[in-house]
Amino acid sequence: MSEIEKRELPKAYAPQDVEQQWYERWEAEKLFEANRPDEVPQDPTGRRANDKPPFVVCMPPPNVTGILHMGHALNNAIQDTYIRYHRMLGHEALWMPGTDHAGIATQTKVEKKLKEEGKTRHDLGREKFIDEVWKWKHEHSDFIEKQLRALGCSPDWRRFTFTMDASYEKAVVEAFVRLYEKGLIYKGKRIINWSPVAQSALSDEEVNYKETKGKLYHFRYPLIDRKSGEPEFIVIATTRPETMLGDVAVAVNPTDERYIKLIGRKLQLPFMDREIPIIADDYVDKEFGTGCVKITPAHDPNDFEIGKRHDLPQINVMDTKAHINELGGKFAGLDRFVARKKIVAELEEMGLIEKIDEYTHSVGYSERGGEMIEPYLSDQWFVSMKPLAEPALKVVEDGLIHFHPERWINTYRHWMTGIRDWCISRQLWWGQRIPAWYGVDGEIFVGRNDAEARAKADAAGYKGELRQDPDVVDTWFSSWLWPFATFGWPENTKDLQLFYPGNLLSTAPDIIFFWVARMIMGGIEFMQGMEMPDGSKREKLEDLIPFTDVYFHNILRDQQGRKMSKSLGNSPDPIDLVRKYGTDAVRFTLLYLAPLGQDVRFGEESCEQGRNFANKLYNATRFILMKRDEYQSTHPEPKFESEDTEYNNSVARTSVRETDGLKSVPLEKAGFSAKPPSTLADKWILSRANRTARDVKKAFDAYLINDVTKYLYDFIWKDYCDWYLEIVKLQPESTPLAVEILEGILRMIHPIMPFVTEELWHGLTGNPENMLIGRDDYITADEGKIDDEAEEEFAFIQKIIEAARLLRANAKLVPSKSAEFIIRLKTQEDLILTEASRNIIEKICKASSLIIEQDTFGDVIASAAKQSKMSNSTENFEIAASSAAQIPRNDTMRELSSKEYAAELLAGRGQIFIKQEAQSEEDTKKEKDRLRKELERIVKQYESLNAKLSDDNFVSRAPEHIIIKEKEKLESFRVQMEKLKIQVG
RNA sequence: GGGCAUUUAGCUCAGCUGGUCUAGAGCAAUCGCCUCACACGCGAUAGGUCACAGGUUCAAAUCCUGUAAUGCCCACCA
């Protein structure tokens, strides 16, 4: 039984009491499960046939050993909201959950643990080490699932996938083999980013460049066979002195006058018994440094290219730990930084250092470990990206895939057009092993397993031993298959047929290259020829792409503006926040703060807003339940009898709450009801509700989720609670409508705040627990009920009430004290309008008496102005006003002395007066000051507007309707001005 | 060096295709209220030359150009 049904209604919403039980109920009712039409319908109510169109979201799989931070909380709140929204819209909503094995990150963690025990992975050996990692994985993987549950996420847990699952690994191997056979994967010797700590290659995307203070060393390389007039040395500059051990040449620009004669000559490389040539290459910038560049093909990507052009040897002087190797002569065995110091010191002694400058340059660091990356020559596997990138760029540019916000297309295009080959081999043990086998002389056989490799070797006539490549593939090489490998690719599964392509991908923009771009490429490449639901083969790009919409959400920063991250430790644990504020509160707050693609500073306290809002919803419902009981007792007819909706008919209503004899509120599925509104307030709230429903849907569909929350927050809090519920207190006849609106409110905001709405909805409708709001229909607007006129009219009533409240506040009236009010209005329409809402105004303003009467003041002024045939200007009005005093007043107009009455303007439409006790001198002065200030403001606006309207340029060029509007405004200012003048005295 | 953003109240942010903008909200502040849902609340008040300089226009927070500051991405740096 839910809390609210127990009739022990605490004053404040206590999320802890309801969240867990509803989550369990959702799972028990299989709410999250998505099924194909050919599967047994899982909906216990049997209400819907399972032929709903699918809506699919793939969860970006978090690292299996990680914990979720606030960024994850935000992203999953977004995804869950969309999944729940579409579930309510009648889609078969499938949210695919899972975790990523995160090669380097996970392996590093386990190695760190081993290190504490004084061991390395090599002590264990490959198999035992991998066992260790699996053990670690099992210990940690529950954690993420628990966190997602605590956040109220509703993925289809049955489908939970881990990127190292056997079936998933099959997909990875398949992808590798296919690309290899197509010639899109190759093995090559290249300069790659080497992490001496991870002992592995990294892709370009895994390296971050940071400005780093260092030194620029200028070395002198002696010229051999120096002739007279020639310099003794060539001076080169370097930031990495230790690489000089691998120098094979010095390059100059071929047009550089200083060195042109020396091209082809030789230099003596210090320490190494090696003569190196001076070569000419366009790459060299004459202006930079000395114009001479040392060439180290094995340790610098540019030098590598130059080396290839000039057919130079590649001398690798470091080992995998970035220690100098045996090719480094006397420095062999030293760490790179130790060697650097030593080399510089010795050159200094030899007089071969020209100078050492302070120098700031950017240096690559590992994204994961933070260690300095060494450009390093080695054998690695690569994917040729150009052929994959072309169609992947096309689908985004042609609008088959929409980016939200759109501008990310620029970033995407830039990367795609300048794309470089992807280094996919990693010298790790944790991951999918590269399916390549080598013969004794380096022959390569790629196959899905060793038998296939053997067969290929046999076919090629190789009979010898085969050894599998020890390396694994980059984690992202498995991630890029996520949208289809999770459905069983490469098998032609029914799930894959039906649920591919997905709809929405939500992610932070920082993995647009790592993941988003590659998934698009992967989908187009690998889904080719797979079956569609109708059995035909996929060919068209729109059937190949993995999703249609990509939502790039904002990045959360801390109060100092720093990115929230694990390493900084500045992200609160989402679970702590959930415990403290409630899940709905955290979800709401994150979405409320999440402007599309704009970074946001997040402080924990902002969750109070969400908590307060949940509490507001809770108390509004509590209030409505109370009012409904009252209404019921005075209306013997069962007004709340359930209507014959499809939903209600489909369920045996056995567990209906009986405490109050109500079965259910009438619901009109198409939108907000039903009963014809009787009062202006009713018309107004119906209009506002339907407008909100319309705006919310628009914002949802445009992926403007923070707009969704803002529309709902404003409507619920301000319109419904602050205004309408106050009116319901005065108009019990509006109770049924208020109940209906509330029911719609709960449905509208359920995708964002699932727990509190589920709880309240059950309390309100008395629906049994196996009927879930999350399975019910979403609210759709009845646009015919959007009533601009009613909204405008009610806005005027609000204005009157607000003016009255201001008068009360200024008169220092405590709320319990009543007062006399007079409202004077210019037009007949306003008089009728106000009279019709007399009841509301009287009660809300606590009026002991309320006179509503015609105000002829403005007309008097106008006629005076006319009489004196004067044009519009302030001075003229002063004269007009004074002459107006001489015109006899309408009989109904009593003089209201400013001593006895305080007044407030109702725009240009009239005035409201409050009768006040004799005020102190001080209060009167204060009041006058306030009015004077107001007058000044109005006069200023009047004058500037008047000037504008007297300007021929404006009058002749601005469109007619603007001019009319401005003239009306001017008239309103004029009246306000005059009235204020009289009050100020 | 190239690109993408941002700059609006003390703070965090709305303000979209120029005129309903007399620039809003939430926190924080001030004042008054335990008004028969909610003090996680209600009512009211104060607070802004919309970064700066030009331009386009009858009209600019909004469009254009430039400048400055901040953030992010990419490339390169011997």
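What you see is a predicted model; the values in this text were computed from it and never measured. Sequence lines set the chain letters: A, B, ... in the order given, protein chains first and strands last, and positions in each chain run from 1.
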Counting any heavy atom closer than 4.0 Å, what does [X] reach on the DNA or RNA strands: base, sugar-phosphate only, or nothing?
X: K817(A); answer: nothing
X: F513(A); answer: sugar-phosphate
X: E605(A); answer: nothing
X: P959(A); answer: base
X: V284(A); answer: base
X: S606(A); answer: nothing

Which nucleotide in the list [options] gets nearest to the side chain of [X]?
X: Y592(A); options: rC73(B), rC58(B), rA25(B); value: rA25(B)
X: L806(A); options: rU45(B), rG43(B), rU57(B); value: rU45(B)
X: K969(A); options: rU22(B), rU45(B), rC74(B); value: rU22(B)

How many Å lie between [atom1] on [X] and [atom2] on [N], as a whole number?
X: Y412(A); N: rA5(B); atom1: OH; atom2: C1'; value: 21 Å
X: D952(A); N: rA59(B); atom1: CG; atom2: P; value: 13 Å
X: D714(A); N: rA14(B); atom1: CG; atom2: P; value: 15 Å
X: R413(A); N: rA75(B); atom1: CZ; atom2: P; value: 17 Å
X: K843(A); N: rC42(B); atom1: NZ; atom2: P; value: 22 Å
X: Y581(A); N: rG26(B); atom1: OH; atom2: C1'; value: 15 Å
X: D300(A); N: rC76(B); atom1: CG; atom2: C1'; value: 11 Å
X: Y703(A); N: rC16(B); atom1: OH; atom2: P; value: 23 Å

Can you tell me how far the [atom1] atom of [X] sits from the [atom2] atom of [Y], to the nearest 0.5 Å?
X: N706(A); Y: L591(A); atom1: CG; atom2: CG; answer: 8.5 Å
X: E743(A); Y: I624(A); atom1: CD; atom2: CD1; answer: 12.0 Å
X: I356(A); Y: L216(A); atom1: CD1; atom2: CG; answer: 10.0 Å

- [ ] Give a yes or no on whether a salt bridge exists between K799(A) and E802(A), defined as a side-chain N under 4.0 angstrom from a carboxylate O.
- [x]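 Between E802(A) and K799(A) there is no salt bridge, as every charged N stays at least 4.0 Å from the carboxylate O atoms.
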
- [ ] Check whether the side chains of S606(A) and Q609(A) place a donor and an acceptor atom closer than 3.5 Å, and report yes or no.
- [x]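 Per modelled atom types, S606(A) and Q609(A) side chains form no pair under 3.5 Å.
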
What distance, rounded to whole Å, do you find between the two [atom1] atoms, one in [N] and one in [M]?
N: rU8(B); M: rC13(B); atom1: C1'; value: 10 Å
N: rU49(B); M: rC42(B); atom1: P; value: 30 Å
N: rA23(B); M: rG66(B); atom1: P; value: 30 Å

Task: Pair Y713(A) and W717(A), ring centroids less than 6.0 Å apart - done: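 Ring centroids of Y713(A) and W717(A) are less than 6.0 Å from each other.
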
- [ ] Please confirm whether W408(A) and F552(A) have ring centers closer than 6.0 angstrom.
- [x]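 Yes, ring centres under 6.0 Å apart.
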
Task: Base-contact (B) and sugar-phosphate-only (S) positions in nucleotides 32-40 of chain B, heavy-atom cut-off under 4.0 Å, - elsewhere - done: -S-B-BB-B

Open item on the list: Keeping R240(A) on the side-chain end and D300(A) on the backbone end, is there a donor-acceptor pair under 3.5 Å?
Closed with: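 No, the answer is negative, given that no donor and acceptor are paired below the 3.5 Å cut-off.
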
Task: Sole residue of N612(A), D584(A), L760(A) in side chain to side chain contact (heavy atoms under 4.5 Å, CB included) with L617(A) - done: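 Passing option: L760(A).
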
- [ ] Output all residues satisfying salt bridge (charged side-chain N to carboxylate O under 4.0 Å, His left out) with K729(A), sequence neighbours left out; order by chain, then residue number.
- [x]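 Once residues adjacent in sequence are excluded, the partners of K729(A) under the salt bridge (charged side-chain N to carboxylate O under 4.0 Å, His left out) criterion are E726(A).
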
Task: Watson-Crick or G-U stems involving RNA chain B, each at least 3 pairs long, distances under 3.5 Å, ordered by first number - done: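 Stems (3+ consecutive pairs) listed as B:1-7 with B:68-74, B:10-13 with B:24-27, B:29-33 with B:41-45, B:51-55 with B:63-67.
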
